[in-house]
Amino acid sequence: MATESATLGTCPNCGETIPGGYLLIEYDTTDGPSQFAECPDCRDIVHPRP
Ligand SMILES: [Zn+2]
């Protein structure tokens with residue numbers, strides 16, 4: 001399941017692509033799985049956009 005080259009999506013703040021290694025936590029919501037990741041560019045904690 002660990003795919004090094006996978007990206008989480010893009011930062012909703014600055015649009016930077018967020019690599020898989022920047023994933024902080026993944027959790028399930030009633031709407032499905034959700035993720036928090038640190039943006040490598042603006043250093044914010046964001047929900048990556050697919
Ligand atoms: Zn960003």
Side-chain angles (χ1 to χ4, degrees):
M1 178 120 172
T3 46
E4 293 177 18
S5 59
T7 58
L8 301 174
T10 57
C11 174
N13 294 337
C14 68
E16 182 74 13
T17 299
I18 303 177
Y22 283 79
L23 177 67
L24 296 177
I25 192 169
E26 194 168 31
Y27 60 93
D28 288 319
T29 73
T30 52
D31 295 325
S34 192
Q35 298 172 327
F36 277 123
E38 181 181 351
C39 174
D41 191 39
C42 65
R43 298 280 174 184
D44 234 345
I45 307 301
V46 298
H47 289 283
R49 279 205 295 215

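The chain is numbered in sequence order, starting from 1. Start at 1 and go down the list; that is how both ligands and their atoms are numbered.
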Item to check | Nearest heavy-atom neighbours spanning Ala37 and Leu8 | outcome: CB-CD1, 3.5 Å
Checklist entry - Do Tyr27 and Leu24 share a hydrophobic cluster, counting only Ile, Leu, Val, Met, Phe, Trp and Tyr and linking them when any side-chain heavy atoms are less than 4.5 Å apart? => result yes
Checklist entry - Just how far is it from atom CD of Gln35 to atom OG1 of Thr29, taken to the nearest 0.5 Å? => result 11.5 Å
Next on the checklist: If I compare all heavy atoms of Ile18 with all of Glu38, which pair ends up nearest, and what's the gap?
Outcome noted: CG2-O, 3.8 Å
Item to check | Residue-atom pairs from the protein, N, O or S only, that lie under 2.8 Å from the Zn ion (ligand 1) | outcome: Cys11 SG, Cys14 SG, Cys39 SG, Cys42 SG
Item to check | Heavy-atom check, side chain of Glu16 versus side chain of Cys42, under 4.5 Å | outcome: no
Item to check | Linked, directly or transitively: Ile45 and Ile25 (ILVMFWY side chains, under 4.5 Å) | outcome: yes
